[in-house]
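Notes follow once the structure below has been shown.
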Protein chains: 2
Amino acid sequence: MIKLPLFRNRLQNIFDCFGKSIIMDEAFSKGKILVNINDIARLAGVSKATISRVLSRSPHVNESTRKRIQKIIDDNGFEPSHLARNLSRRKSQTIGIVIEDIANPFFISISSEIEKILYEKKYNMMISSSQWNRDKELEIVQSMIRSSVDGFIIAPISPDSEAVALLKRTGRPFILMNTFSEDPDVNYVSTDDIEGGKLAARHMYSRLRKDEKIILVTGYEHQNLSRRMEGFFLYMESKGIERDQITHYRNINTYNDGLAIVPTILMRSKLKSNKASIFITSDDIAMALQEGLLQNGRTLPEDIRIIGYDNIEFSRRCRIPLTTVEQSQKDIGIIAAMELLELINNPLKEVKQYLLPPRLILRDSNP
Amino acid sequence: MIKLPLFRNRLQNIFDCFGKSIIMDEAFSKGKILVNINDIARLAGVSKATISRVLSRSPHVNESTRKRIQKIIDDNGFEPSHLARNLSRRKSQTIGIVIEDIANPFFISISSEIEKILYEKKYNMMISSSQWNRDKELEIVQSMIRSSVDGFIIAPISPDSEAVALLKRTGRPFILMNTFSEDPDVNYVSTDDIEGGKLAARHMYSRLRKDEKIILVTGYEHQNLSRRMEGFFLYMESKGIERDQITHYRNINTYNDGLAIVPTILMRSKLKSNKASIFITSDDIAMALQEGLLQNGRTLPEDIRIIGYDNIEFSRRCRIPLTTVEQSQKDIGIIAAMELLELINNPLKEVKQYLLPPRLILRDSNP
DNA sequence: TTGAAAGCGTTACCAG
DNA sequence: CTGGTAACGCTTTCAA
């Protein structure tokens, strides 16, 4: 019977051996497979401090011994443990991304921009979605803290959600994304959604026909949406169209919600006979409405004109390419990543608050 | 001048203090902010072993002291470091996902299925894309090894890419996804692509009109694609249509490639006057072709009929909803995750090789 | 039920 | 340029 201080672990180590070709006979004879810095040190006949130096490309190591050691490292397929390294260095080289929905094309393109930059700067990313649930959002942030992420990019459910408060309170580096904050100490990058709402309204108004219905469709009660709505209403008011003349369908959150509301809209707004212009505060839902209306035999854009919001990749590829208000996912991603990296390296850097300008994109759905 | 053994780290720790509300005065007076297991132990007047026990819900701890300690933990917002925990436990509760393109809707839906299961089982996931580059694929796997992931789900560029070989050689748990392997020791979950190609061919053949051109459009040379092509050709041959009667456009990899090839197809296959049926081995590219053909004034599906492959979420929402061969992203994701988790917990478990049946989905593009 | 102490695999300080 | 060694923050064994 083998008797070792940490027997269980050793056993696991031995288990791991199945299917491996063994390079380090010496280590193997001791029932050990995974190579670590000590093994390499012993093999090279130097101290592990030296190995550590070649691992981190320190200049303070003789060129010839560096080469010799590097060869031993390569030959044995030694991969230094980031766990140990990070524990020792007190940083993990990973940053946490918290978004609302990982399947949302809008966030996907932002994330992929972020990833490019982080990859370049040798950072990893950890990504998780809150599903518009405040508890889950908090849980995610806590879990990321346990994982020792170096900083956060978070699209919070609200700028004063508990998760954000926790980040603030514990002084961890973070950037708010797609949300703006009244707090002058908080870094954020967002789009000027009031302006965005106005852009949509102005275009819609310029194309408005006689007796045409104006319809507004919105999703989750979120700061962004309120601002888009607000801008929309403000412009319309400036043209003498009051809020009660605009039919408002709320809480249409998913593609399927969008499909499901179509019969109601058709009936309530009497769209069988009337023409209409619809502003929908997200492209994803806009596509659902479009689909539903087409299925119900309406012709677009002749009968019903649609304006969306976001300009996701797919907006130009859907049934009737969407006229929409663009938020540049590329810019948001790049700025968020760059700012966070700076913030991590210099916690005293000045606060930056970006409110990016939206842009109207004309396509067939409301030409 | 402060003199401490690890001065730089302490300094960083002090830096971190800005903007924090301080709970632990004692620790603070020592220039220390981040609470750790020792602080809690000291505060509770017990050893850190006991703290560790309440953290891991060990039954061997007095109920009253457990409660007392838990309160101290909560009050101080102590989040145990997973870095340290994982280093000590020799596992990370993280699994690595390696795919070819993170922006590909097909992989996105698979990943989100995987995430659901992992979340439930308290695992984290780390995801990265190889961009069809073998070197990058290997790099990613190495980096994940350094991050001590417990296992891999990999959609490899080829079943015998270096990355897979490395995984095999070092005996790490992994599941191949979207690829099958001749090696009887390798776990995989994939779709029967030969059958898929046949399904497409059978449907196309059944709708074929007189003098209609048959066109095949394929992307990256990948095992999957070859098999889809193979199935397609086999069925056609069984009906007396030889390979040289089928025009084949290769290496169409991205949406933009798809748009770009349209003029060539129109010209080379004389589609201005001829009718045609096209099989494209991915929905994403199928949508691009569709778009390009529409822009060139062809009417679909009257002039040209299209069959895609994958059945991604968007296939039913694009310009002309796509007839396509479905690979169930949900099934693939669920099976891959479950199998890997089992494999991690029991390295000796029997090998499972899944070849899931594809399914033809009829929509407007080739009704 | 508890505590002491030996790990886990690195890094970084100090001395030589 | 190199080595010895404390430290990082936990878990696990063993003994009490």
Side-chain angles (χ1 to χ4, degrees), chain A residues 2-13 27 32 34-42 44-69 73 78-93 145-148, chain B residues 2-13 27 32 34-42 44-69 73 78-93 145-148:
Chain A
I2 314 174
K3 173 89 171 142
L4 282 171
L6 289 169
F7 178 67
R8 283 237 294 273
N9 297 326
R10 294 284 172 166
L11 189 64
Q12 166 131 22
N13 208 332
K32 184 170 190 315
L34 279 46
V35 236
N36 64 21
I37 201 173
N38 291 305
D39 302 323
I40 302 294
R42 197 157 9 85
V46 298
S47 78
K48 61 179 174 179
T50 302
I51 307 295
S52 177
R53 286 189 194 99
V54 349
L55 287 179
S56 41
R57 316 199 182 298
S58 153
H60 308 298
V61 47
N62 187 299
E63 192 50 39
S64 69
T65 65
R66 168 198 301 290
K67 276 198 182 130
R68 194 167 54 83
I69 291 174
I73 289 175
F78 166 54
E79 303 285 355
S81 158
H82 279 7
L83 246 42
R85 159 176 302 179
N86 294 339
L87 181 60
S88 185
R89 284 192 179 155
R90 278 160 218 74
K91 52 185 179 182
S92 61
Q93 290 290 113
I145 290 178
R146 286 194 286 272
S147 300
S148 316
Chain B
I2 315 174
K3 173 89 171 143
L4 281 169
L6 287 170
F7 179 65
R8 283 237 294 275
N9 297 325
R10 293 284 172 165
L11 188 66
Q12 165 132 21
N13 208 329
K32 183 171 191 318
L34 279 47
V35 239
N36 65 22
I37 199 173
N38 291 306
D39 301 324
I40 302 294
R42 197 155 11 82
V46 298
S47 79
K48 62 179 175 178
T50 304
I51 308 293
S52 175
R53 288 192 190 97
V54 350
L55 288 178
S56 40
R57 317 198 183 297
S58 152
H60 307 298
V61 47
N62 187 301
E63 192 49 38
S64 68
T65 66
R66 167 197 302 289
K67 276 198 183 129
R68 194 167 56 82
I69 290 174
I73 289 175
F78 167 55
E79 303 284 356
S81 157
H82 278 181
L83 244 43
R85 159 175 301 178
N86 294 339
L87 182 61
S88 183
R89 285 193 180 156
R90 281 159 216 73
K91 51 183 179 181
S92 63
Q93 290 289 114
I145 290 177
R146 287 194 285 271
S147 300
S148 315

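Note that the coordinates shown come from a computational prediction; the quantities given were computed from them, not determined experimentally. Sequence lines set the chain letters: A, B, ... in the order given, protein chains first and strands last, and positions in each chain run from 1.
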Nearest 0.5 angstrom please: [X] [atom1] to [Y] [atom2], how far?
X: A/Asn86; Y: B/Arg146; atom1: CG; atom2: CZ; result: 11.5 Å
X: B/Ile145; Y: A/Ser81; atom1: CD1; atom2: OG; result: 12.0 Å
X: A/Lys67; Y: A/Asn62; atom1: NZ; atom2: CG; result: 10.0 Å
X: B/Arg89; Y: A/Leu83; atom1: CZ; atom2: CG; result: 12.0 Å

[X] has an atom [atom1]; how far is it from atom [atom2] of [N], in whole Å?
X: B/His82; N: D/dC10; atom1: NE2; atom2: C1'; value: 11 Å
X: A/Leu83; N: D/dC8; atom1: CG; atom2: C1'; value: 12 Å
X: B/Ile37; N: D/dA7; atom1: CD1; atom2: P; value: 18 Å
X: A/Lys48; N: D/dT2; atom1: NZ; atom2: P; value: 18 Å
X: B/Arg146; N: C/dC8; atom1: CZ; atom2: P; value: 22 Å
X: A/Asn86; N: D/dA7; atom1: CG; atom2: C1'; value: 15 Å
X: A/Arg89; N: C/dG9; atom1: CZ; atom2: C1'; value: 13 Å
X: A/His60; N: C/dA15; atom1: NE2; atom2: P; value: 17 Å

Margin query: I'd like to know whether A/Ile73 forms a side chain to side chain contact (heavy atoms under 4.5 Å, CB included) with A/Leu55, so could you lay out the CA-CA distance, the side-chain angles of the two residues, the decisive distance to 0.1 Å, and finally the verdict.
Written below: CA-CA 9 Å; A/Ile73 289 175; A/Leu55 287 179; 4.0 Å; yes

Note to self: Under the rule for side-chain contact (heavy atoms from CB on, under 4.5 Å), what residues qualify as partners of A/Arg66, not counting sequence neighbours?
What the structure shows: A/Val54, A/Val61, A/Glu63

Note to self: So if I take residues 51-59 of chain B and measure heavy-atom distances to DNA chain D, which residues fall below 4.0 Å?
What the structure shows: B/Ser52, B/Arg53

Nearest to side-chain heavy atoms of [X], which nucleotide of [options]:
X: B/Phe78; options: C/dA5, D/dC10, C/dT11; result: D/dC10
X: B/Thr50; options: D/dT11, C/dA12, C/dT2; result: C/dT2
X: B/Leu87; options: D/dT12, C/dT11, C/dC8; result: C/dC8
X: B/Ser88; options: C/dG7, C/dG9, C/dG3; result: C/dG7

Distance test, side-chain N/O of [X] to OP1/OP2 of [N], below 4.0 Å:
X: A/Arg85; N: C/dT11; answer: yes
X: A/Ser47; N: D/dG3; answer: yes
X: A/Thr65; N: D/dT2; answer: yes

Checklist line | B/Ser56 (side chain) donor-acceptor with B/Ser58 (main chain) under 3.5 angstrom | finding: no

Taking the side chain as every heavy atom from C-beta outward, state whether [X] and [Y] have any pair of such atoms under 4.5 Å apart.
X: B/Asn36; Y: B/Asp39; value: yes
X: A/Lys91; Y: A/Ser148; value: no
X: A/Val46; Y: A/Arg53; value: no

Note to self: Using five base pairs at each end to define the local axes, how bent is the helix from C/dT1-D/dA16 to C/dG16-D/dC1, to the nearest 10°?
What the structure shows: 30°

